[in-house]
Amino acid sequence: MLKNKSTNKLLSDVIEDVNFSGVVLAKTEKEIAFQSARGHSNRADELLNNLNTRFGIASGCKLFTAIGICQLVEEGILTFDTRLKDIMGDIFPHFDEDITVHHLLTHTSGMPDYFDEKIMDDFEELWKERPMYLLNYLRDFLPMFQNNKMMFKPGERFHYNNAGFILLGLIIEKRTGLNFQDYVQLNIFEPCGMKDSGYFRFDNLPKNTAIGYIDNEENGTWRTNIYSLPIRGGSDGGAYVTAQDMTFLWNGLRTYKLLSKEYTEKLLTPHVMVKDVKFYGYGIWISKRNDSIFKYHVMGYDPGVSFHSAYYPASGLTLVIPSNKSYGPSAIMETFENHI
């Protein structure tokens, strides 16, 4: 639990200091430890965020994709060692034939990305040649990377890769016959009771959904992120959730509603070291302290979107921080972790 009432004050202070716009929810299985909603979901109409507002979570939903793949492995539809080539065929002329599902899940495939966060700064640059409103389906991303050359041999090292998760979504579609977004809705959101979550189109957002905002710090103006992201989220990112729904996801994972104990443990295994005490499982970050698991963690950043969420096994606390700005959750999470 949070240590004392002064911790609530510290959290409130940092929320104020970063001019946070979004929701902060910390809870155990039985009670809410802290909750707050700040900022506007719609600045033009001065609509406030509330505890049930839906937010985009960018790459935070790579976990959903990984859960879907693990479900198919558990059902015997594929294996972690199944090769990409054996599922998708010969549509990647320069890809290594040894790339497996495991490599894609752990960002160790070495395949080219459509947006390499280590060398590219501006996500919006992507849409100058290929308008974001044309990316309606996962397959629409393929021309952005399928003819490029490998970065390194499969398994050689960790290199965060969005395109690899696009391929995982396509694998789900190919092996189930379902649209990826429909698969997640039926097999992840519904079993967990995530009634307010979904992969909504930018041009058809449901009520009580936060619009993402990009602040121009130099002159105090702002703009929405409507032209900054694909028109619909997919297997590499872009779902919308409420803070409460995300706690339902963590609970569903912990209580084996989504996967058996065996496959939940496979998903949560630290498969690859990223840096020092930071590891990556299947679609999830894992941090250690004193050789023990400190937290399981997902996060996402896009123009006008920032998101952190974690489950802390020692305390049983779940933390969810979605925001409709490009910054804020990281500072709040750091303060939270210093006082639990």
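Start at 1 with the first residue, then count along the sequence.
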* Asked: Given the rule in the ring-ring contact (aromatic ring centres under 6.0 Å, His included) test, do Tyr327 and Tyr301 qualify, once you have shown the distances and angles that lead to the verdict?
  -> CA-CA 8 Å; Tyr327 57 90; Tyr301 285 90; 9.8 Å; no
* Test ring-ring contact (aromatic ring centres under 6.0 Å, His included) applied to His107 and Phe279, Phe165, Phe152, Trp285, the passing residue -> Phe165
* To do: Using ring-ring contact (aromatic ring centres under 6.0 Å, His included) as the criterion, point out the one residue from Phe80, Tyr282, Phe158 that pairs with His271.
  => Tyr282
* To do: Applying side-chain contact (heavy atoms from CB on, under 4.5 Å) between Leu249 and each of Thr318, Leu258, Val241, report the one that passes.
  => Leu258
Roughly how far, to the nearest 0.5 Å, is [atom2] of [Y] from [atom1] of [X]?
{"X": "Leu167", "Y": "Asn162", "atom1": "CG", "atom2": "CG", "result": "11.5 Å"}
{"X": "Lys174", "Y": "Ile171", "atom1": "NZ", "atom2": "CD1", "result": "10.0 Å"}
{"X": "Ile166", "Y": "Thr65", "atom1": "CD1", "atom2": "OG1", "result": "8.5 Å"}

Over all atoms of both residues, closest heavy-atom pair of [X] and [Y]:
{"X": "Lys207", "Y": "Arg54", "answer": "O-NH1, 2.5 Å"}
{"X": "Ala239", "Y": "Cys61", "answer": "N-SG, 3.5 Å"}
{"X": "Ala331", "Y": "Val18", "answer": "CB-CG1, 4.0 Å"}
{"X": "Phe20", "Y": "Ser323", "answer": "CE1-CB, 3.7 Å"}
{"X": "Ser306", "Y": "Pro329", "answer": "OG-CD, 3.1 Å"}
{"X": "Ser21", "Y": "Asn324", "answer": "OG-OD1, 2.6 Å"}

* Can you find a heavy atom in the side chain of Glu74 that is under 4.5 Å from one in the side chain of Glu262? -> no
* **pair Val184-Phe180: side-chain heavy atoms closer than 4.5 Å** => yes
Between the side chain of [X] and the main-chain N/O of [Y], is any donor-acceptor distance below 3.5 Å?
{"X": "His339", "Y": "Phe336", "result": "no"}
{"X": "Asn251", "Y": "Thr247", "result": "no"}
{"X": "Asp45", "Y": "Leu47", "result": "no"}
{"X": "Asn216", "Y": "Asn219", "result": "no"}

* To do: Take Tyr114 and Asp236 through the test side-chain hydrogen bond (donor to acceptor under 3.5 Å, both in side chains) and record every step on the way to the result.
  => CA-CA 11 Å; Tyr114 73 87; Asp236 66 331; 2.3 Å; yes
* **Same apolar cluster (I L V M F W Y, side chains within < 4.5 Å links), Tyr213/Phe202** => no
* Spell out, yes or no, whether Ile211 and Tyr133 are grouped together once hydrophobic residues are joined by side-chain heavy atoms under 4.5 Å, including indirect joins. => no
Below 4.0 angstrom, N of the basic side chain to O of the carboxylate: do [X] and [Y] qualify?
{"X": "Glu16", "Y": "Arg38", "value": "yes"}
{"X": "Lys261", "Y": "Glu265", "value": "yes"}
{"X": "Asp215", "Y": "Arg43", "value": "yes"}
{"X": "Lys195", "Y": "Asp245", "value": "no"}
{"X": "Lys295", "Y": "Glu337", "value": "yes"}

* To do: Decide whether a cation-pi geometry holds between Lys288 and Phe294; the criteria are a distance under 6.0 Å from NZ or CZ to the six-membered ring centre and an angle within 45° of the ring axis.
  => no
